[in-house]
Structure formats: structure tokens, C-alpha cells
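Report on the following structure.
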Amino acid sequence: MFQLGSAPGKGFWARHRWKMLLSLGVAGAGYAAYRFYDAHQKQLVRVEQRAEEERAADEIIKNQLEAHFEKVQRISDTTTLPFAMHYLRSRVMEELDISHLTERLLQGKGELTPEDKYETWEKIKILSFTRTVSSMWAMTLLSLYVRVQVTILGRHLYLDFARGTDGAQLQAESDTFSGNGHKDFLGTADYLATYGITALIRQMQHAATEILKEKQLKDPMSMDQVLQTMLQISEQFMSLCEGNSWINFLVPENANRYAQLMAVSSSGFDDSSLLMDVGKLDQLMTETRIVLASDDFRNIMDMSLRKVADLVIEDLRAQVGAALPPSGLPLAKLLARVAQLSSMLLEEPSKNKHIQTIRSMPEVGLFYTFLYANMPPQT
């Protein structure tokens, strides 16, 4: 007898079970793959969003860095260097005044012995070259030093900001440089004119005496010979500086001693309440010395001095004009003009073509760009 029931259903299930399971498995795997793909895509979107946010943040930091760099350079150009140059000019003119010697020659005609006259002319010869080469060296190094100084300070201010310093505080410090020993550090720009210039001039005078001892007043000198004489005096001056001791003309050796000097100069007596933030000042001065002692700085220093020397000779040639014969003029007739060159070298920065030339040198600009982006290690 034929029976109705579930047998046909069981037969169908038995015949198609593996196909159905396989279909279900494929569907499940497809769904799982879709979920995995969807999750992966969402993760990629999140990663791309984070990357975009990081790029945007990096761009903001870059813009802030550039804006801050430009700001500290403006402060250097309009405040720090002009004040320091004004004081330097007055000190050089005071220390190397030769008017009393020229007056002695004019007023002593017929009264001075040949020996006195010769001795006076020799002093004028030495001091004229000492005055101009000292001015050339001091102006060049001060303009380079102030920019090193402000670049270091600007980098510190920016790093304080990058580490989470309040933006308003950064703005206030960048405007006044009054916090954390920054103002005191900028004040060291006057150290050359206040404390270093006397020793610098004394050493430059030794160098000039050595180079000029064989050059007679009656001997003719061409412009090229004057240039070589100035460069030789500068090289002799540097050779007298053992190691990098010339840095001591620009930067105080000891922060504590410098702080005491500043306290005395401010009040007239040693008042400990006026002492500055010596710890921060010492750190900034140490970093400055590392930069000045580097080969890279020495390279731009030498290039800048040579460029300035070339400009000085152009000025001298313009002064002499058509009066210059092919063989040159007697040295005695050039001395007054050589001494006058120092005035142009020490003009205020906005009118000083020598400073403007140094600033425009590509090698100098590149040096400060790298210095701002990659400061030397702290000691």
C-alpha cells in the first residue's frame, strides 16, 4: 500500500542537504566577508581622516613657525640691532679718536722735531687702520651675533608653545621678551660695546702694528693693496685669538658674573634683588657659544667679512676718484680717508648698506633657516 507522510520530504532533504548547506555557507561567508570589508573600509576612512588631520596640524605648525620666525627677525632688525649699533659707534669713535693727533701735526708745524712728527704719523697710520678694521669686524660680527641670538630665542619661545604653553603667554613673551630670562639674554647684544670693545681694539691694534710695520708713509698703495692690508690685519687679529677666544668679545663668559655686572650698572651697587634669571640666561648663552664656535658660523663669518671688505674698498675708491694714479697714492695721503670709512661701517642698520648686504647673502639666510629648524644640542 502506498503511504502518505514525510518520506518524500525526507527524500528531498536527503537529496539536496549538501547543496542547501553549501548555499547557506556561501551566503554566510559572503555576509561575513561583507562585514569584514565594511569594517576595513571604515577603518581606512578613519586612518585617512587622522592622516588628514595630522597634515592639517602640521601645516598649522609650519605656518606658525614661519610667522614666528619672521616676527623675531623684525624685532631683531628694528629694536635690538639698532640700539646695539648706536652704542657701538659711540664707543669706537671714543676709543679710536685720532683728531688730537692730526691737530698736533697742524698746530705743531715748525715746532715738532722730525722724530716727534714721524712718531705722530706712525700713530695715525696704526690707528687709522685699527679704527676701520675694528669697525668692519665689530659691525659684521654684531649683526651676525644678534641674529643668532634672536633665532635661538625665537626657537625657545616656539618650543615652549609647542609643549603646551598658553598661546596668550607666547604672544606676550614674543612681544616683550620679558619672561624667563629672555630680555636679559637680548641685553647681551650690548656686551661687545660695553665690555668687549676695549679688548677687541687692543688686539686689533697689535695686529695692525705687525702688518703695517714694513709699510712706509711715502710708499704708494693701490686700492687692491689697501684691501689686502685690511684682510691681513683681520687675519692677524684672528690668529692672535687662541682657539675661539674671539667669542669672548661678543658673549659673556660667565652668566653669574654678567648678572652681577648688570645689577651693579642698574643700581650703582651690588643689589642681589636685581639679579636676573641666571639659569635660563646661562642656557641661552651656552647655546649661543656652541653656534658661534661651529664651522658653519665661521664660514659665513669669513664670507661676510670679505664681502664687507670689498664694499669698503669700493667706498674708498669712490672717495679718491680720478685723483688715483695707476700706481696708487702715498700711504700718508690715504690715511684720513681710511679712517673715515669707519663712519659708514657703523651707520644705523636701516641706512647701513654693509648690514643690508650681509642680510641679503644667500649663504647667511640659509644658515639661519637651518639654525632655527635644527638647534644644536644642549649641554
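Hydrogens, waters and symmetry mates are skipped; everything else that's a heavy atom, side chains included, is used. Because the structure is a prediction, the values reported are computed rather than measured.
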The test is side-chain contact (heavy atoms from CB on, under 4.5 Å); show your working for L250 and T288 and say whether it passes. CA-CA 10 Å; L250 292 166; T288 302; over 6 Å; no
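- Smallest separation of non-hydrogen atoms from L305 and S234: CD1-OG, 4.3 Å.
- The main-chain N or O of F185 is found under 3.5 Å from a side-chain atom of T188 such that the two form a donor-acceptor pair.
- Within the 4.5 Å cutoff, side-chain heavy atoms of L292 are placed close to those of W246.
- Between the side chains of T113 and D116, at least one donor-acceptor pair of N or O atoms lies under 3.5 Å.
- Two residues are said to be in side-chain contact when any heavy atoms from C-beta on lie closer than 4.5 Å; M223 and L227 fail this criterion.
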Give every donor-acceptor pair under 3.5 Å between a side-chain atom in residues 237-244 and any protein atom, sequence neighbours left out.
residue	atom	partner	partner atom	Å
S239	OG	Q236	O	2.6

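- Of the charged side-chain nitrogens involved, at least one lies within less than 4.0 Å of a carboxylate oxygen, so that D302 and R298 count as a salt-bridged pair.
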Can L186 and F83 be said to form a side-chain contact (heavy atoms from CB on, under 4.5 Å), step by step? CA-CA 11 Å; L186 274 187; F83 186 84; over 6 Å; no
In a table with atom names and distances, give each donor-acceptor pair under 3.5 Å that connects a side chain of residues 336-350 to protein atoms at least two apart or in another chain.
residue	atom	partner	partner atom	Å
S342	OG	R131	NE	2.8
S342	OG	A339	O	3.0
E348	OE1	S350	OG	2.9

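- Using modelled atom types and a 3.5 Å distance limit, the side chains of S99 and D97 yield a donor-acceptor pair.
- Residue pairs meeting the salt bridge (charged side-chain N to carboxylate O under 4.0 Å, His left out) criterion with at least one partner in residues 213-226, sequence neighbours excluded, are E210-K213.
- Between V312 and V226, every side-chain heavy-atom pair lies at or beyond the 4.5 Å cut-off.
- A 4.5 Å side-chain heavy-atom check between K307 and M303 finds every atom pair outside the cut-off.
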Would E122 and E119 satisfy side-chain contact (heavy atoms from CB on, under 4.5 Å), going step by step from the backbone distance to the final call? CA-CA 5 Å; E122 284 296 304; E119 181 182 342; 5.7 Å; no
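- Separating the CD1 atom in I300 from the OH atom in Y368 is a distance of 4.5 Å, to the nearest 0.5 Å.
- Using a cutoff of 4.0 Å between basic side-chain nitrogens and carboxylate oxygens, R55 and E52 are scored as salt-bridged.
- Residues S135 and V92 come closest through the heavy atom pair OG-CG1, 3.5 Å.
- Looking at every heavy atom in both residues, A189 comes nearest to L142 through O-CD1, 3.6 Å.
- A donor-acceptor contact under 3.5 angstrom links the side chains of T198 and E95, judged on distance only.
- Residues F129 and I211 are not in side-chain contact: their nearest non-hydrogen atoms beyond the backbone lie 4.5 Å or more apart.
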